[in-house]
Protein chains: 2
Amino acid sequence: MTSQAADGPDTVAASRRSKITPEREREFFDAVLEQIRTCGYESVTMEGVAASTRCSKSTLYRQWKTKPQFVAAALRANRRVRFAGIDTGSLAEDLRQAARAAGDWSGKDTSLLQALGHAWTADEELAQALREALVYPEIAALQEMLARGVARGEVRADHPALEYVPAMMFGVLRVRPVLSGQYADADYLARFVDATVLPALGLT
Amino acid sequence: MTSQAADGPDTVAASRRSKITPEREREFFDAVLEQIRTCGYESVTMEGVAASTRCSKSTLYRQWKTKPQFVAAALRANRRVRFAGIDTGSLAEDLRQAARAAGDWSGKDTSLLQALGHAWTADEELAQALREALVYPEIAALQEMLARGVARGEVRADHPALEYVPAMMFGVLRVRPVLSGQYADADYLARFVDATVLPALGLT
DNA sequence: GTGTACCGGTACTGAAGCGTATCGGTACAC
DNA sequence: GTGTACCGATACGCTTCAGTACCGGTACAC
């Protein structure tokens, strides 16, 4: 909530003299992201967002020029690190906790990514916002964990599995709904880490 | 191409007395799948498919009642096992070859799955067709490989990593574009198998 | 040959939804 | 108090597209 300091020109209150408070803006963003999750990006309508937040379309278009720009702003405002601050002193335990933390967000993040579908591959601004919100922060946090493990001598710096850890974690997250029709929960992810990630890193 | 015997009532030639040959039907299906890959499911139009195949919208609507049904039929007709027939006598080598085979299809399959985005979660018929075309056959083939490995004594039947192998393989396939902006090619997947899947299974 | 019915083309209806314009109400500045 | 300008509401233009209707041409059956 104190992340406003880093907000770009996408947020309203910082740039224009608007009567839209940050809390109100947050409502718009939450509404559009929720609509994307439930209806898919293409089916989200500015009218729907306006109706569900009891504002008018004009208000939205006054602040953001187009629907993709609005969505991109919502994504960027949504960025946060799901498993920051995990540092148990043990790489294995760090990864387990990260898995549990990721599992707690899994449904929301995965459905969002899924619902954005093809849109982000066609719109570079959307793609960038998506990466900023849901990809880069997690990757960076994971890599910090791994780096600490390497520094502690738990894993050799040139261990071949190191570079694949983020792909393993995010991969299983994203693909679970396709394979079994349900999102990956914290328990599933923790077991996955124990059964595959740790052995691959030689940490059993 | 001799798979017609298993075709359901979705294919035209089998059910109605139509002048559309199986080859012509194949053109329709290829066209719509290609449009989905490049434009996304929502942006695919029946008019576009008709134009690109030089048929008329009427022709399409005569055979398939709605756009989702048409797409589902195209998906089902597209099913085939990307790595059937792999049986080297060694689980590790089987998995490596499967990875290479999957890598060759990766771009097409992944972009299709990606482009279907939210649509398949909302339409049960689409979801089922998707699973039949791109998920179940591969899973089954993978599990046969693993079962053979178990039968040969290469892996214990209760090895905890066994159940996660499909998720690992498909996960990394699907998530690579999000993480690094490019599809997983055969080399990348083969290295992934060597670095993570085989060690996790204790096969190094 | 003759007829049937399917094909491709075109025109049409109806429904959405993006983005714009307009207008009264009102909060806030001064 | 007065003015400014932003908010919400509503209506509108415009485009796109699903799905339907109709129509002439033609391949194929018999």
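Note that the structure is predicted; figures quoted are calculated from it, not measured. Below, chains carry the letters A, B, ... as their sequence lines are ordered, and counting in each starts from 1.
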Given C/dG8, C/dT20, D/dA18, the nucleotide with the shortest approach to the side chain of B/Tyr61: D/dA18
Going by purine N1 to pyrimidine N3 plus the second Watson-Crick contact, or the G-U wobble pair, all under 3.5 Å, which nucleotide sits opposite D/dA29? C/dT2
Can you measure B/Met46 atom CE to C/dT13 atom C1' for me and round it to whole angstrom units? 17 Å
Does a distance-only test, which skips hydrogens and angles, find a donor-acceptor pair under 3.5 Å between the side chain of A/Ser58 and the base of D/dA9? yes
Send over the distance from A/Glu42 CD to C/dG17 C1', rounded to a whole Å. 12 Å
Within the modelled atom types, does a donor on one side and an acceptor on the other bring the side chain of A/Arg62 and the base of D/dG8 under 3.5 Å apart? yes
Evaluate the ring planes of A/Phe70 and A/Trp64, with Trp represented by its six-membered ring, and classify them as parallel (under 30°), tilted (30 to 60°) or perpendicular (over 60°). tilted
Looking at C/dC6, I'd like to know if its phosphate oxygens (OP1 or OP2) sit under 4.0 Å from a side-chain N or O belonging to B/Arg24. no
Can you confirm whether A/Arg24 sits close enough to A/Cys55 that some side-chain heavy atom of one is under 4.5 Å from a side-chain heavy atom of the other? yes
OP1 or OP2 of D/dC7 under 4.0 Å from side-chain N/O of A/Ser56: no
Is B/Glu124 salt-bridged to B/Arg131, going by a charged N under 4.0 Å from an acidic O? yes
What's the closest nucleotide to the A/Thr59 side chain, out of D/dA5, D/dG19, D/dG8? D/dG8
For B/Glu47 and for A/Thr66, locate the closest nucleotide of DNA chain C by heavy-atom distance; then report the residue assigned to the nucleotide nearer the 5' terminus. B/Glu47
Gap between atoms NZ and C1', on A/Lys67 and C/dA16 respectively (whole Å): 11 Å
If pairing requires Watson-Crick or G-U wobble contacts with both distances under 3.5 Å, which nucleotide is the partner of D/dA11? C/dT20
Distance below 4.0 Å between A/Arg54 side-chain N/O and D/dG8 OP1 or OP2: no
note: B/Ile20, atom CD1; C/dG8, atom C1'; distance rounded to Å ~ 11 Å
Would you please confirm or rule out a distance under 4.0 Å between OP1 or OP2 of C/dC7 and any side-chain N or O of B/Lys19? no
Distance in angstrom units between B/Phe70 CZ and D/dA18 C1', rounded: 14 Å
Identified side-chain contact (heavy atoms from CB on, under 4.5 Å) counterpart of B/Asn78 within the set B/Arg26, B/Lys108, B/Glu132: B/Arg26
Assert yes or no for the condition that the ring centre distance of A/Phe170 to A/Trp105 is strictly below 6.0 Å. no
Among D/dC7, C/dT20, D/dT20, find the nucleotide with the atom closest to the side chain of A/Lys57. C/dT20
Protein-nucleotide distance (B/Trp64, atom CH2; D/dT20, atom C1'), rounded to Å: 18 Å
Please determine whether a side-chain nitrogen or oxygen atom of B/Gln63 lies at a distance below 4.0 Å from atom OP1 or OP2 of C/dC7. yes
